[in-house]
Amino acid sequence: MLRFLRAARDAVRTLLALTVVVVLTIILGTFVIVVATFSPNSRIFRPTMRLWGVVFMKVCGVGWEVEGLEHLDKGKSYVLVGNHQSNLDPPFHIAVFCEKVSVRFLAKAELFKIPLFAQAMRRIGIVETDRAAHTGAHRKINQQVAVVVERGLSLVIYPEGTRSRDGLVRPLKKGAFRIAIDNGMPVVPITTVGLHEAWAPGKMLIRGGQARMMIHEPIPTASMTSADIDGLRHRVGAVIADAHARLTP
(Lines give C-alpha, C1' and ligand atoms only; values in the text may rest on other atoms or scores of the structure.)
Protein backbone atom coordinates (compact mmCIF):
# COMPACT_ATOMS: atom_id res chain seq x y z
CA MET A 1 0.00 0.00 0.00
CA LEU A 2 2.81 2.40 0.89
CA ARG A 3 4.50 1.76 -2.46
CA PHE A 4 1.22 2.45 -4.27
CA LEU A 5 0.73 5.73 -2.40
CA ARG A 6 4.26 6.85 -3.23
CA ALA A 7 3.75 6.00 -6.90
CA ALA A 8 0.45 7.92 -6.92
CA ARG A 9 2.13 10.92 -5.27
CA ASP A 10 4.96 10.85 -7.82
CA ALA A 11 2.50 10.57 -10.72
CA VAL A 12 0.59 13.64 -9.52
CA ARG A 13 3.84 15.55 -8.97
CA THR A 14 5.09 14.63 -12.45
CA LEU A 15 1.88 15.68 -14.19
CA LEU A 16 1.73 18.95 -12.27
CA ALA A 17 5.43 19.71 -12.78
CA LEU A 18 5.43 19.07 -16.52
CA THR A 19 2.25 21.11 -17.00
CA VAL A 20 3.67 24.07 -15.07
CA VAL A 21 7.03 23.86 -16.86
CA VAL A 22 5.46 23.75 -20.33
CA VAL A 23 3.24 26.76 -19.59
CA LEU A 24 6.10 28.66 -17.95
CA THR A 25 8.43 27.88 -20.88
CA ILE A 26 5.87 29.21 -23.37
CA ILE A 27 5.34 32.41 -21.38
CA LEU A 28 9.00 33.14 -20.59
CA GLY A 29 10.20 31.89 -23.99
CA THR A 30 7.88 34.33 -25.75
CA PHE A 31 9.03 37.11 -23.43
CA VAL A 32 12.70 36.35 -24.17
CA ILE A 33 12.14 36.31 -27.93
CA VAL A 34 10.40 39.68 -27.83
CA VAL A 35 13.02 41.31 -25.59
CA ALA A 36 15.95 39.80 -27.55
CA THR A 37 14.53 41.23 -30.79
CA PHE A 38 15.16 44.74 -29.48
CA SER A 39 17.92 44.13 -26.90
CA PRO A 40 19.98 40.95 -27.51
CA ASN A 41 22.18 41.58 -24.46
CA SER A 42 19.45 42.59 -22.03
CA ARG A 43 20.19 42.09 -18.33
CA ILE A 44 16.66 40.78 -17.85
CA PHE A 45 17.66 37.35 -19.24
CA ARG A 46 19.54 36.26 -16.11
CA PRO A 47 16.68 36.77 -13.62
CA THR A 48 14.23 35.39 -16.18
CA MET A 49 16.27 32.22 -16.60
CA ARG A 50 16.71 31.90 -12.85
CA LEU A 51 12.96 32.21 -12.33
CA TRP A 52 12.44 29.37 -14.82
CA GLY A 53 15.02 27.18 -13.09
CA VAL A 54 13.79 27.86 -9.54
CA VAL A 55 10.13 27.20 -10.42
CA PHE A 56 11.12 24.04 -12.33
CA MET A 57 12.94 22.66 -9.28
CA LYS A 58 10.23 23.68 -6.81
CA VAL A 59 7.36 22.05 -8.73
CA CYS A 60 9.48 18.90 -9.03
CA GLY A 61 9.73 18.79 -5.26
CA VAL A 62 13.53 19.23 -5.16
CA GLY A 63 15.34 21.26 -2.51
CA TRP A 64 19.03 22.04 -2.65
CA GLU A 65 22.22 23.04 -0.89
CA VAL A 66 25.16 24.74 -2.61
CA GLU A 67 28.76 25.14 -1.55
CA GLY A 68 31.38 27.28 -3.33
CA LEU A 69 29.29 29.91 -5.13
CA GLU A 70 31.78 32.48 -3.87
CA HIS A 71 34.35 31.07 -6.32
CA LEU A 72 32.48 32.72 -9.22
CA ASP A 73 32.98 36.41 -10.06
CA LYS A 74 30.17 38.41 -11.63
CA GLY A 75 30.83 39.36 -15.25
CA LYS A 76 33.60 36.78 -15.75
CA SER A 77 33.29 34.00 -18.32
CA TYR A 78 33.84 30.38 -17.22
CA VAL A 79 33.45 26.90 -18.61
CA LEU A 80 31.42 25.19 -15.88
CA VAL A 81 32.01 21.45 -16.14
CA GLY A 82 29.83 19.01 -14.19
CA ASN A 83 28.65 15.43 -13.95
CA HIS A 84 25.37 14.70 -15.75
CA GLN A 85 22.80 12.91 -13.58
CA SER A 86 19.33 13.82 -14.79
CA ASN A 87 17.07 15.98 -16.93
CA LEU A 88 16.95 18.18 -13.84
CA ASP A 89 20.61 19.19 -14.23
CA PRO A 90 20.02 22.20 -16.55
CA PRO A 91 17.19 23.79 -14.51
CA PHE A 92 19.11 23.16 -11.29
CA HIS A 93 22.28 24.73 -12.63
CA ILE A 94 20.34 27.68 -14.04
CA ALA A 95 18.64 28.21 -10.67
CA VAL A 96 22.01 28.19 -8.87
CA PHE A 97 24.43 29.88 -11.28
CA CYS A 98 22.10 32.67 -12.41
CA GLU A 99 22.15 33.96 -8.86
CA LYS A 100 25.75 35.04 -9.56
CA VAL A 101 26.63 34.76 -13.28
CA SER A 102 24.78 34.49 -16.57
CA VAL A 103 25.09 31.02 -18.09
CA ARG A 104 24.46 29.41 -21.42
CA PHE A 105 24.63 25.74 -22.41
CA LEU A 106 26.09 23.48 -25.04
CA ALA A 107 22.89 21.95 -26.46
CA LYS A 108 22.44 19.19 -29.02
CA ALA A 109 20.96 20.06 -32.41
CA GLU A 110 17.78 18.05 -31.74
CA LEU A 111 16.65 20.59 -29.12
CA PHE A 112 16.73 23.31 -31.77
CA LYS A 113 13.87 21.57 -33.57
CA ILE A 114 11.39 22.35 -30.76
CA PRO A 115 9.19 25.32 -31.77
CA LEU A 116 9.51 28.46 -29.62
CA PHE A 117 12.08 26.77 -27.38
CA ALA A 118 14.53 26.79 -30.30
CA GLN A 119 13.94 30.45 -31.13
CA ALA A 120 14.42 31.45 -27.49
CA MET A 121 17.66 29.44 -27.22
CA ARG A 122 19.11 31.01 -30.35
CA ARG A 123 18.15 34.54 -29.26
CA ILE A 124 19.92 34.27 -25.90
CA GLY A 125 23.04 32.54 -27.26
CA ILE A 126 22.73 28.82 -26.45
CA VAL A 127 25.57 27.05 -28.30
CA GLU A 128 24.32 24.49 -30.83
CA THR A 129 26.24 21.25 -31.37
CA ASP A 130 25.66 18.50 -33.89
CA ARG A 131 27.24 15.12 -33.17
CA ALA A 132 26.68 14.06 -36.78
CA ALA A 133 28.73 17.00 -38.06
CA HIS A 134 32.50 16.57 -38.25
CA THR A 135 34.23 18.89 -40.70
CA GLY A 136 34.21 22.43 -39.40
CA ALA A 137 32.07 21.53 -36.36
CA HIS A 138 34.71 22.63 -33.85
CA ARG A 139 35.27 25.92 -35.69
CA LYS A 140 31.51 26.59 -35.69
CA ILE A 141 31.27 25.92 -31.95
CA ASN A 142 34.19 28.27 -31.23
CA GLN A 143 32.50 31.01 -33.23
CA GLN A 144 29.42 30.69 -31.00
CA VAL A 145 31.56 30.49 -27.85
CA ALA A 146 33.34 33.71 -28.87
CA VAL A 147 29.96 35.47 -28.75
CA VAL A 148 29.34 33.98 -25.29
CA VAL A 149 32.66 35.39 -24.04
CA GLU A 150 32.05 38.75 -25.73
CA ARG A 151 28.78 39.06 -23.80
CA GLY A 152 30.49 38.19 -20.49
CA LEU A 153 28.56 34.92 -20.19
CA SER A 154 29.63 31.50 -18.92
CA LEU A 155 29.13 28.12 -20.54
CA VAL A 156 27.81 24.97 -18.82
CA ILE A 157 28.98 21.69 -20.38
CA TYR A 158 28.42 18.05 -19.39
CA PRO A 159 31.53 16.30 -20.75
CA GLU A 160 30.33 12.78 -19.89
CA GLY A 161 28.28 13.17 -23.07
CA THR A 162 25.05 11.73 -21.66
CA ARG A 163 23.22 11.22 -18.38
CA SER A 164 24.71 8.62 -16.06
CA ARG A 165 22.40 5.60 -15.82
CA ASP A 166 23.67 4.58 -12.39
CA GLY A 167 24.47 8.00 -10.98
CA LEU A 168 28.23 7.40 -10.97
CA VAL A 169 30.72 9.77 -12.62
CA ARG A 170 31.85 8.57 -16.06
CA PRO A 171 35.10 9.45 -17.93
CA LEU A 172 35.02 12.97 -19.33
CA LYS A 173 35.39 13.67 -23.04
CA LYS A 174 37.82 16.23 -24.43
CA GLY A 175 35.47 18.74 -26.09
CA ALA A 176 34.74 20.96 -23.08
CA PHE A 177 38.42 21.33 -22.26
CA ARG A 178 39.37 22.07 -25.85
CA ILE A 179 36.75 24.84 -25.88
CA ALA A 180 38.06 26.28 -22.60
CA ILE A 181 41.69 26.31 -23.73
CA ASP A 182 40.92 27.64 -27.23
CA ASN A 183 39.00 30.55 -25.71
CA GLY A 184 41.17 31.14 -22.62
CA MET A 185 38.27 30.49 -20.23
CA PRO A 186 38.87 29.19 -16.68
CA VAL A 187 37.40 25.74 -16.04
CA VAL A 188 35.22 25.34 -12.94
CA PRO A 189 34.59 21.72 -11.87
CA ILE A 190 31.10 21.16 -10.46
CA THR A 191 29.89 18.12 -8.54
CA THR A 192 26.18 17.40 -8.16
CA VAL A 193 24.46 14.61 -6.22
CA GLY A 194 20.81 13.81 -5.55
CA LEU A 195 19.28 14.59 -8.94
CA HIS A 196 19.70 11.03 -10.19
CA GLU A 197 17.40 9.90 -7.38
CA ALA A 198 15.01 12.82 -7.91
CA TRP A 199 14.40 11.98 -11.60
CA ALA A 200 16.40 9.03 -12.84
CA PRO A 201 17.25 8.72 -16.56
CA GLY A 202 14.75 6.50 -18.34
CA LYS A 203 12.10 6.91 -15.63
CA MET A 204 8.85 8.76 -16.25
CA LEU A 205 8.03 9.71 -12.66
CA ILE A 206 9.69 12.54 -10.78
CA ARG A 207 10.36 11.47 -7.20
CA GLY A 208 11.68 14.75 -5.82
CA GLY A 209 14.20 14.93 -2.99
CA GLN A 210 17.28 16.88 -1.99
CA ALA A 211 20.20 17.90 -4.22
CA ARG A 212 23.67 19.06 -3.27
CA MET A 213 26.18 20.93 -5.41
CA MET A 214 29.84 21.68 -4.79
CA ILE A 215 31.40 24.41 -6.96
CA HIS A 216 35.16 23.96 -6.97
CA GLU A 217 37.85 26.59 -7.48
CA PRO A 218 38.41 27.77 -11.08
CA ILE A 219 41.38 26.38 -13.00
CA PRO A 220 43.03 29.01 -15.28
CA THR A 221 43.68 27.94 -18.88
CA ALA A 222 45.25 31.13 -20.32
CA SER A 223 48.73 29.58 -20.54
CA MET A 224 47.53 26.15 -21.73
CA THR A 225 47.70 24.69 -25.24
CA SER A 226 46.08 21.71 -26.94
CA ALA A 227 48.83 19.55 -25.44
CA ASP A 228 47.32 20.22 -22.01
CA ILE A 229 43.80 19.00 -22.84
CA ASP A 230 44.24 15.47 -21.51
CA GLY A 231 45.96 16.60 -18.34
CA LEU A 232 43.20 19.13 -17.65
CA ARG A 233 40.51 16.57 -18.43
CA HIS A 234 41.93 14.02 -15.98
CA ARG A 235 42.49 16.67 -13.31
CA VAL A 236 38.90 17.92 -13.49
CA GLY A 237 37.52 14.38 -13.64
CA ALA A 238 39.39 13.45 -10.47
CA VAL A 239 38.09 16.54 -8.63
CA ILE A 240 34.47 15.79 -9.59
CA ALA A 241 34.68 12.06 -8.84
CA ASP A 242 36.37 12.60 -5.46
CA ALA A 243 33.75 15.12 -4.35
CA HIS A 244 30.96 12.88 -5.66
CA ALA A 245 32.21 10.01 -3.50
CA ARG A 246 32.29 12.28 -0.43
CA LEU A 247 28.86 13.86 -1.03
CA THR A 248 26.99 10.67 -1.90
CA PRO A 249 25.11 9.30 1.14
Side-chain angles (χ1 to χ4, degrees), residues 41 46 66-85 89-90 93-94 96-109 124-131 133-164 168-192 213-247:
N41 299 321
R46 181 162 68 92
V66 178
E67 179 181 343
L69 193 60
E70 68 275 6
H71 294 317
L72 304 180
D73 294 330
K74 289 184 178 180
K76 192 167 184 178
S77 295
Y78 302 95
V79 173
L80 302 155
V81 173
N83 55 312
H84 200 4
Q85 293 198 316
D89 290 335
H93 290 150
I94 287 173
V96 172
F97 296 136
C98 283
E99 182 179 341
K100 195 74 174 285
V101 297
S102 294
V103 296
R104 299 296 185 266
F105 288 78
L106 215 63
K108 55 187 179 182
I124 65 173
I126 300 297
V127 177
E128 182 177 358
T129 64
D130 188 352
R131 294 178 183 178
H134 298 287
T135 305
H138 183 57
R139 177 176 55 81
K140 184 177 179 180
I141 290 174
N142 269 340
Q143 289 174 345
Q144 297 176 78
V145 173
V147 175
V148 169
V149 176
E150 182 182 347
R151 293 181 177 180
L153 310 174
S154 294
L155 194 61
V156 179
I157 304 178
Y158 305 115
E160 289 169 301
T162 188
R163 294 166 296 163
S164 173
L168 300 178
V169 180
R170 298 301 177 188
L172 309 185
K173 298 181 180 180
K174 297 181 179 182
F177 308 99
R178 179 178 288 113
I179 289 172
I181 290 174
D182 284 352
N183 294 278
M185 302 167 72
V187 172
V188 180
I190 296 147
T191 306
T192 304
M213 179 194 294
M214 181 174 288
I215 303 170
H216 305 277
E217 293 188 18
I219 301 172
T221 65
S223 62
M224 294 185 182
T225 67
S226 57
D228 298 303
I229 290 175
D230 274 334
L232 180 60
R233 174 170 65 100
H234 292 306
R235 177 181 174 183
V236 170
V239 169
I240 293 174
D242 179 66
H244 186 273
R246 288 187 283 110
L247 292 175

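Index from 1, following the sequence.
To the nearest 0.5 Å, atoms CE (Met214) and OG1 (Thr191) are separated by 7.0 Å. Once rounded to the nearest 0.5 Å, the distance linking CG of Leu232 with CD1 of Ile219 reads 5.5 Å. Interatomic distance, CE of Met213 versus CG of Leu69, reported as 9.0 Å (0.5 Å rounding).
The two residues Ala146 and Asn183 make their nearest non-hydrogen contact at N-OD1, 4.3 Å. Across every non-hydrogen atom of Val79 and Ala176, the tightest pair is CG1-O, 4.1 Å. Scanning both residues, Gly125 and Val148, for their nearest heavy atoms gives O-CG2, 3.9 Å. Contact detail for Tyr158 and Pro90: the closest heavy-atom pair is OH-N, 3.5 Å. The shortest non-hydrogen separation linking Thr221 to Gly184 is OG1-C, 3.5 Å.
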Exercise. Does the pair His71 and Val188 meet the rule for a side chain to side chain contact (heavy atoms under 4.5 Å, CB included), with working shown?
Worked result: CA-CA 9 Å; His71 294 317; Val188 180; 5.7 Å; no

Exercise. Under the side chain to side chain contact (heavy atoms under 4.5 Å, CB included) criterion, do Val127 and Arg104 qualify, and how do the steps go?
Worked result: CA-CA 7 Å; Val127 177; Arg104 299 296 185 266; 5.6 Å; no

Problem set entry | Verdict with supporting geometry, Ile181 and Ser226, side chain to side chain contact (heavy atoms under 4.5 Å, CB included) | CA-CA 7 Å; Ile181 290 174; Ser226 57; 5.9 Å; no

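Partners of Glu160 according to the side chain to side chain contact (heavy atoms under 4.5 Å, CB included) rule, which considers only residues two or more places apart in sequence or in another chain, are Asn83, His84, Val169, Arg170, Leu172. Evaluation of the side chain to side chain contact (heavy atoms under 4.5 Å, CB included) rule for Ser223 yields no partner, not counting sequence neighbours. Residues that satisfy the side chain to side chain contact (heavy atoms under 4.5 Å, CB included) test with Asp242, not counting sequence neighbours, are Arg246. Qualifying side chain to side chain contact (heavy atoms under 4.5 Å, CB included) partners for Ser77, counting only residues two or more places apart in sequence or in other chains: Val149, Met185. In this view, Ser164 and Asp166 satisfy the side chain to side chain donor-acceptor pair (under 3.5 Å) rule, not counting sequence neighbours. Applying the side chain to side chain donor-acceptor pair (under 3.5 Å) rule to Arg151 yields the partners Asn41; only residues at least two apart in sequence or on another chain are considered. The side chain to side chain donor-acceptor pair (under 3.5 Å) check on Arg46 picks up nothing, with sequence neighbours excluded. Every residue two or more places apart in sequence or in another chain that forms a ring pair (Phe, Tyr, Trp, His ring centres under 6.0 Å) with Phe97 is listed here: His93. Checked against salt bridge (charged side-chain N to carboxylate O under 4.0 Å, His left out), Glu99 has the following partners two or more places apart in sequence or in another chain: Arg50.
Within the 4.5 Å cutoff, the side chain of Thr192 has heavy atoms near those of the Gln85 side chain. A heavy-atom distance below 4.5 Å is not found between the side chains of Lys100 and Ile215.
No option in Ile94, Asp89, Leu80 other than Ile94 meets the side-chain contact (heavy atoms from CB on, under 4.5 Å) test with Phe105.
For residues 69-85, no pair satisfies salt bridge (charged side-chain N to carboxylate O under 4.0 Å, His left out), with sequence neighbours left out. For the salt bridge (charged side-chain N to carboxylate O under 4.0 Å, His left out) condition, the pairs that include at least one residue of residues 171-190, sequence neighbours left out, are Lys174-Asp230.
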